[in-house]
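See below for the structure under consideration.
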Amino acid sequence: MRTNVYLPKLAKVISVKEEVGGVRSIKTFRTQFLDGGFTHKCGQCAMLSIFGKGESMISISSSPLVKDYLQFSILKMGRVTSAIHDLEVGSIIGIRGPYGNAFPIESWKGKNILFAGGGIGLAPIWSVLQTTLLRKKDYGDLTLIYGARTSPDIVFKEELADLKSKMKVHLSIDVAEPEWKEFVGFVAQNILDKKPSPENTIAITCGPPIMIKTCIKALSEIGFKDDQIYTTVENKMKCGIGKCGRCNIGRHYVCKDGPVYSWAELRQLPQEY
Amino acid sequence: MDKILAKKDFPRWLEALGAYDVYAPQLIDDVWNYELATDRKAVSLDYPQTAIPAKKIVFPQREFFFEFREADTDDYKLKELLPEGKPTVIFGVRACEGKAVTLTDLVFGGEIADDYYWKRRNAAVLVGLACASPPSTNCFCLSVNGSPHSKEGLDVLMTDLGDQYYVEILTDKGKKLVSEGGAIFHEAKPPDKKAAEKIHADSEKKLARELKNIKDVPAKLKGMFASPFWDDESMSCIRCGICTYLCPTCHCFDINDEVESQTPLAGRRVRTWDTCQFPDFTMHSSGHNPRPDKAARLRQRINHKFQYFVEVWQNYQCTGCGRCITLCPVGIDIIKVVEKVRDHAN
Amino acid sequence: MKKRTGIFICHCGINIAGTVDVKSVAAEMAKEPGVAHSVDYVYMCSDPGQNMIEQAIKDKKLDSVVVACCSPNLHETTFRNAAKRAGINSFKCEIANIREQCSWVHKDKGKATHKAAHLTKSAVKKVQKNESLEPISVPVTRKALVIGGGISGIQSALDLAGAGYKVILVERSPSIGGHMSQLSETFPTLDCSQCILTPKMVEVSRHPNIKLMTYSEVQEVTGYVGNFKVKILKKPTYVDPAKCNLCDECTKVCPIVVPNEFDVGLTGRRAIYIPFPQAIPASYTLDDKNCPDPFTTIACGKCADVCKVKAINYDMKPEIIEEEVGAIIVATGFDLYDKENMAEYGYGKYADVLDGLQFERLCSASGPTQGKILRPSDHKEPKEVVFIQCSGSRDPELHCAYCSKICCMYTAKHAMLYKHHVHDGQAYIFYIDVRSGGKGYEEFVQRAVEEDGVIYLRGKVSKIFEENGKIKVWGVDTLSGKPIEIDADMVVLAQAMRPSNGAQELAKKLKLGTDKDGFLAEAHPKLRPVESVTAGMFLAGAAQAPKDIPEAVAQASGAASKAIGILSQERLYHSPTVAKVLKNLCTGCGMCVAVCPYDAIAFKDGKVEVNEVLCEGCGTCSATCLRAAIQVKNLTQNQVQEMILACLGG
Amino acid sequence: MVKHEDVRAEAKKLLESGKVKYIIAYELGADGWKANPVFIKKPEDVDKIIWGPTCFHNLIRFVVDEKRRKVQQKNPDTRPVGVMVKGCDSRAIVILLQEKFIERKDVHIIGVSCEKTGVIDERKLANKLKGRKAKNVEFGPDENFVVTTEEGTVDLPASEIMADRCLECIAHVPVITDVLFGEKTKRTVPHPFGSVEKIETLSSEDRWKFWSEQLEKCVRCYACRSVCPMCYCDECVADTITFAVSPDTTAEEKAQKIKWLDKSPVISENIFYHMVRAIHLAGRCIDCGECERACPVNIPLRMLNKKLEKEAKLLFGYDVGFDSEKPALISCFRDEDPEDFIR
Amino acid sequence: MTEEFEPKIVAFLCKWCSSAGSDLAGVSRMEYPANVIPIQVMCSGSVSPLYIFEAFNRGADGVLVSGCHPGDCHYIKGNMYARRKLLLVKKLLEHVGLEPQRFRMSWVSAAEGQKYTQVIKELVKELKPLGPQTKLRRERNG
């Protein structure tokens with residue numbers, strides 16, 4: 001059967017959860033395709049359509065091992081994401097994809113994995129985290145270092161609480177709050193504080209550009225090699241298939257050749273992200 | 001086998017192509033462009049360079065992807081709007097534009113092929129016209145692996161021999177097109193071939209501009225990413241889209257929803273040309289822009305054509321038509337820029 | 001969150017439902033995006049109707065409502081209050097006017113229904129993008145400024161003071177009283193003007209809440225309703241009123257004589273003078289425009305020499321006094337149309353051609369002739385007097401287009417008074433029409449004709465000239481068509497009223513609008529006649545339009561009560577639908593600053609900012625801005641665009 | 001006659017004294033006969049500066065760029081930039097001053113008088129030369145140009161190859177300068193709105209035919225607004241995304257961006273765009289004609305702006321770009337403004 | 001039988017005069033055609049030229065802007081700015097070939113219900129023979 005790459009499949013929103021309220025609101029959506037669907041890999045993205053408003057590339061935060069829905073956690077940012085935030089259970093949206101490369105988690109078997117995320121940056125790595133948790137026996141120690149600006153800005157609050165019984169979780173917020181018992185400071189500072197061992201470990205870092213930069217610096221400082229560090233990059237996208245020409249970093253189209261890069265690869269590319 | 005077509009018979013050939021949409025260069029308000037030939041008798045191939053290249057026929061500036069319509073509350077009907085792919089013939093395609101189409105083919109092909117493009121592309125027959133003399137003062141095709149009589153991308157190549165055309169059939173599509181003309185085509189004889197070859201050879205000497213020794217340019221560009229060179233070079237850029245919109249190889253596009261009715265919601269998803277020269281091209285909705293200024297955007301244009309494309313497809317994404325030089329309102333000259341890159345001390 | 005709008009379509013009995021298929025409109029609206037509830041009801045404004053809205057807001061968790069009913073002028077407040085009671089912001093309620101603008105003006109049910117649906121949809125689009133706003137609150141300075149000390153200003157000041165508010169009454173001449181103090185008797189009762197005015201003047205001077213500032217002028221007004229800052233220039237009188245005992249010795253020695261304003265030039269006065277005996281404040285003023293002696297500082301010194309109480313102080317300087325007030329009443333009154341303009345009637349050329357005010361002075365017991373009517377030229381009793389109405393009024397080609405309103409009445413009064421003084425005299429009145437609307441007015445005119453034998457001639461005077469000691473008046477009686485020629489001893493012109501000298505400049509300082517004739521513009525000619533276009537400033541008396549005394553007094557009291565309406569508040573609330581600057585887009589070009597009628601936009605740091613208290617939300621700025629960088633809240637360009645789309649069905 | 005040497009000497013003086021940051025001027029382009037904008041930063045480069053009939057560009061466009069750059073710099077060099085201006089260009093400075101986009105001290109204005117002629121119209125010249133290639137174009141001694149081709153030199157009267165804007169120019173001498181080169185020659189323009197009047201004589205339907213055919217060609221490359229010194233808005237109403245975004249711009253604000261027109265280059269959207277541009281330039285367009293010259297598909301855009309310039313003049317007595325102190329056309333009115341159209 | 005063409009008209013009415021005048025027409029039960037959908041704005045001075053272009057782009061057959069008579073503006077002089085700005089718009093629309101009847105401006109005071117009715121009647125009458133406005137209207141797919 002011929003497939004038209006630009007024609008989205010229709011999907012229904014089956015749950016909406018507000019993770020963070022306020023101006024920089026974040027919501028998590030679960031969707032089910034009306035007809036057919038696709039399977040994705042950890043780290044891949046999908047193009048969500050709100051008809052009449054346009055499309056937006058969003059990373060899939062659910063694990064490929066979960067078959068009955070796709071999950072997206074979305075920060076309200078512009079025209080399309082605002083429209084997505086207006087969705088309710090039962091709303092119909094368009095989805096096409098999956099797009100981009102994936103985290104090479106098969107090749108990480110037997111290794112420890114360190115997840116370092118900030119803000120909405122937990123979404124792209126959530127899929128890896130969930131998958132590795134489901135196949136815990138294939139991997140070594142799993143550690144999450146996650147931070148947000150303030151405690152209300154933390155995403156997946158319930159899941160994180162639950163996670164603490166399954167893996168090491170280190171949380172942080174940027175500025176001290178009275179009730180806060182954990183680390184105060186940026187994620188990178190938390191990394192330096194906790195000093196996870198680079199031994200047989202892969203680090204995945206994801207978050208705002210400045211956070212990624214400082215985290216990579218911190219990780220390098222504590223001994224992680226460039227090829228042990230993975231991150232994801234986002235650029236403005238339209239087609240999702242490397243044709244429309246806007247998301248490139250050098251010869252790479254982030255939508256097709258990215259969004260997952262090891263720091264060893266990424267540092268070779270021009271600074272255009 | 002190559003053919004000969006008398007110029008007086010050329011209109012008859014066009015008449016015979018009733019099943020095709022025929023595009024040919026036409027002069028409107030002092031500007032040449034490929035336009036649908038409504039009066040086929042009036043088509044003449046005596047023209048210089050068009051303002052907009054032939055890419056607009058296989059990759060129109062605006063095309064519809066699909067139509068969406070709210071069926072019931074929160075349900076949608078999507079109707080795919082693929083082009084019908086009506087047989088189309090473009091006359092007078094210059095060698096550089098034929099070659100450009102092959103480059104665009106690379107982009108829109110591959111694993112994930114672009115149906116919309118291919119529907120039109122497959123239906124299009126490109127009839128080239130070898131340049132006896134450069135159609136623009138800024139032609140430099142020879143410098144970028146092209147030639148004024150390149151056959152790349154073309155289905156038929158015609159060469160003007162005075163009162164007749166020397167017609168080379170290059171593909172099956174071309175063969176079919178010529179066969180529509182039937183008896184008006186005659187077998188070419190060796191002197192005809194010689195004459196055509198002479199014109200071809202002469203034309204190569206007539207090119208006004210050249211861009212020499214650029215094989216190191218891709219590597220050079222790599223090292224110049226952070227150079228202030230780009231600031232200086234882009235000073236006079238006014239950030240319009242002429243250089244890219246009118247480039248036969250540029251293919252960047254935008255996708256937008258155009259709403260026709262709010263209730264029930266109905267509209268179309270539309271693809272339009274876009275260009276890396278517009279500031280909003282890469283701007284994130286957060287306001288962050290990886291290419292924040294015109295220096296970064298000029299760098300992108302040159303890098304894409306002379307580095308990135310070369311790395312991926314082993315070819316320059318420039319066919320030397322010179323349109324971007326001729327029509328730039330402030331005289332930014334890609335030849336000069338690339339020469340400066342070439343001569344830049346790293 | 002997705003919007004949750006509720007739609008309520010009112011039948012208004014059959015007023016709407018008779019022409020609009022309300023059910024189908026409700027059904028159609030239910031399909032609109034973001035509409036969570038759509039119903040119709042027979043009378044939305046009734047208690048059950050309002051309850052229905054409130055209940056639906058609560059039950060269906062509506063975040064906005066549209067009521068499709070009558071004009072928003074009628075029930076917008078009703079429904080906004082209902083919305084507020086149900087817990088949503090009052091701006092989350094919009095009205096679609098489907099009665100006045102739809103059901104009442106169309107007959108075809110299909111078309112009317114179609115239109116009603118579009119109107120409602122347009123309101124839905126608007127309300128869904130309305131911001132929740134709270135009124136802008138400002139504290140109030142509980143003090144008023146009254147500008148002008150004529151009868152209007154006096155009345156306003158007394159009303160305000162009586163209600164317990166501090167008032168500053170500013171009058172530019174040395175005494176309050178205005179033109180009313182110059183009048184002899186008043187129509188239609190013929191009671192003595194001075195006698196009824198003087199007690200009020202005295203009350204002003206004695207009232208503890210009134211600060212009287214005569215010989216003073218308002219120089220600058222800044223601020224906004226509730227909080228104006230006023231700069232008042234107090235000119236020096238060179239006489240200390242506290243010391244002056246009104247002995248009048250000073251005027252006797254003063255060597256300078258100038259025309260007396262109070263007697264409209266019929267007499268003279270000295271450079272040091274009291275305007276008239278009953279003047280308030282009862283004190284002398286040394287008029288430094290007429291006194292100066294180039295060799296000394298200002299004066300010859302004679303008046304100071306004779307003043308036993310040493311009340312004269314040549315070192316007095318002009319003072320600028322700053323005051324803060326919450327409301328301003330402008331009662332700057334009128335002046336008569338300039339006589340230079342009436343050369344065709346010989347005014348200014350012949351001594352015995354007078355204007356109405358001069359004639360008042362002639363009739364007045366305190367006037368130059370002690371109430372005897374004598375010709376200024378030869379002090380003889382005039383036997384034939386011609387009164388000309390509409391002198392300068394109702395003449396759009398040459399003079400003022402408007403009717404000065406009071407001339408018909410005072411001319412009748414003049415003729416009557418003349419007859420009472422000169423029993424054998426004959427009064428003629430040239431008129432266009434006689435306008436005698438007012439209590440007792442028509443009877444008054446009739447009395448003039450019947451009892452005092454005044455001859456009314458309908459027609460215009462074509463020429464007036466002097467011949468053999470007589471003033472020849474040529475005219476035409478348009479009723480009989482016959483030419484008329486009268487050898488008059490005196491001619492009295494009922495000069496048009498015009499805004500007083502300097503009113504235009506003052507209006508500019510106060511940023512008040514004026515009409516084409518220079519009278520101050522009211523906010524609405526019918527419904528807001530005492531309010532100016534600027535919030536917190538009110539109009540009283542002839543400054544707004546020609547008026548007689550009762551009207552002026554009525555408006556003055558009206559203005560005072562409007563001002564009290566402001567002053568009685570702790571804080572003022574201002575509509576929050578004001579302009580807002582989108583800083584990212586603003587380039588500071590200042591086009592909006594130039595067009596703002598309220599000076600509410602100012603430059604700041606290369607961009608502009610809006611003073612929300614001054615802004616009235618007209619939106620002229622937003623239509624002028626090329627970048628849509630300034631928008632009116634709750635009627636943004638985005639909202640209007642959505643409304644356009646809704647109107648066109650797309 | 002303006003001499004290159006004089007302009008160069010002035011430029012050199014300015015750069016050597018450090019009075020200006022750099023000088024925006026004209027140099028000879030790669031094709032050997034047409035001018036291009038150039039940015040002279042060093043005194044030794046002043047010899048690049050030229051002045052001639054191909055100095056089409058309104059360099060004030062780059063003064064706008066300079067202001068934009070300055071806003072973004074933390075410690076900007078506050079010295080003025082030198083800029084070469086023709087009469088029309090100088091009026092653009094007046095508008096920028098009127099709209100407070102720049103201050104007078106931001107520019108050092110090197111005025112050049114167009115004297116008896118102006119700049120040429122490349123397309124007119126090409127038609128005139130019928131395929132021959134120009135190698136050089138110079139001002140002639142009178143109202144003419146001296147054009148050199150491979151086949152020799154010809155004298156062409158200004159009326160035949162001069163740009164339309166120059167034929168209708170009302171300010172061939174700069175109206176605001178720090179230094180002026182060339183003579184303040186007097187020139188009368190009998191028909192300052194002649195070209196528009198030709199369109200006005202057409203019937204309504206013919207005008208629509210004319211404009212719809214013209215605007216159909218538009219590819220929305222936005223060269224017209226990009227080249228225009230008056231189109232200095234950060235975010236144009238034609239932009240489909242929110243442009244002027246700061247870190248505190250909320251998603252709601254961005255979602256509120258009004259999408260007046262679609263990106264599709266179809267007649268309705270093209271005409272919307274061009275009408276908006278025309279109305280936004282009413283009382284601001286100084287008729288430098290750059291939009292029309294830059295247009296790659298030759299749309300007579302000047303005829304939209306010129307129409308409104310004409311109406312501003314005739315209806316409201318408003319002259320554009322001569323007095324930076326007066327209010328903008330649409331931010332003032334006269335009581336006697338016509339209202340016979342209001343019924 | 002083909003139905004008679006019914007023009008779609010968008011009217012921008014200022015709140016204080018023209019909208020009130022239109023209300024008065026309603027109160028006085030003056031009948032007029034239902035082709036006009038009014039949009040109430042605060043002042044005619046707030047009507048941006050873009051509104052008019054947008055209305056035509058979205059398929060309006062006619063556009064009316066109505067405000068207070070000169071001197072009567074609730075906001076002192078907003079209508080005077082409108083007069084100048086919208087005359088330019090009108091000239092521009094006519095310049096590109098739109099029929100002059102399609103864009104109309106009027107002064108209607110709060111007391112002029114009759115005049116409002118008259119304006120609408122005239123406008124509809126003048127627009128009917130012109131047929132649908134297709135020049136500035138965006139294309140639609142069905």
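Atom set for the values below is all heavy atoms of this structure, side chains included, hydrogens, waters and symmetry mates excluded. Predicted model only: the values in this text are computed from it and were never measured. By convention in this document, chain letters (A, B, ...) are assigned in the order of the sequence lines, proteins followed by strands, and residues within each chain are numbered from 1.
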Straight-line distance of [X] [atom1] to [Y] [atom2], nearest 0.5 Å:
X	Y	atom1	atom2	result
D/N58	B/I238	CG	CD1	11.0 Å
B/T326	D/E122	OG1	CD	9.0 Å
D/D239	B/M283	CG	CE	9.5 Å
D/F243	B/F278	CZ	CZ	10.0 Å
D/E213	B/I28	CD	CD1	8.5 Å
D/K133	B/T137	NZ	OG1	6.5 Å

Out of [options], return the one with the most heavy atom pairs under 4.5 angstrom to chain B.
options	result
D/V227, D/V219, D/D65	D/V219
D/R61, D/K34, D/R123	D/R61
D/A223, D/P296, D/A244	D/P296
D/G29, D/A294, D/P265	D/P265

Chain D contact via [X] - which portion, at a heavy-atom distance below 4.5 Å:
X	answer
B/R271	neither
B/K294	side chain
B/D293	neither
B/P48	neither

Residue pair [X] / [Y], side-chain heavy-atom distance below 4.5 Å:
X	Y	answer
D/R220	B/T272	no
B/M235	D/Y22	yes
D/F62	B/V330	yes
D/V297	B/I52	yes

Query raised in the report: Counting distance only, does the side-chain N/O of D/R293 pair as donor-acceptor with the main-chain N or O of B/P329 below 3.5 Å?
Result: yes
Query raised in the report: Are the side chain of D/K254 and the backbone of B/S285 linked by a donor-acceptor contact shorter than 3.5 Å?
Result: yes
Query raised in the report: Is any NZ, NE, NH1 or NH2 atom of the basic residue among B/D29 and D/K217 found under 4.0 Å from an Asp or Glu carboxylate oxygen of the other?
Result: yes
[atom1] of [X]: more than 12 outside heavy atoms within 6.0 angstrom?
X	atom1	value
D/K135	NZ	no
B/D46	CG	no
B/K336	NZ	no

Report which part of [X] has an atom under 4.5 Å of a heavy atom belonging to chain B: side chain, backbone, both, or neither.
X	value
D/N127	side chain
D/V64	neither
D/R225	neither
D/Q214	side chain
D/F39	side chain

Interface residue of largest heavy-atom contact number with chain D, from [options], under 4.5 Å:
options	value
B/D232, B/N33, B/D274	B/D274
B/C328, B/C243, B/G241	B/G241
B/S236, B/G331, B/G287	B/S236

Query raised in the report: Without hydrogens or angle criteria, can the side chains of D/S264 and B/R62 be said to hold a donor-acceptor pair below 3.5 Å?
Result: yes
Query - Exercise: do B/N256 and D/D262 side chains pair donor with acceptor under 3.5 Å - result: no
Report summary line: Correct closest heavy-atom pair for B/I242 and D/C221 would be CG1-SG, 3.5 Å
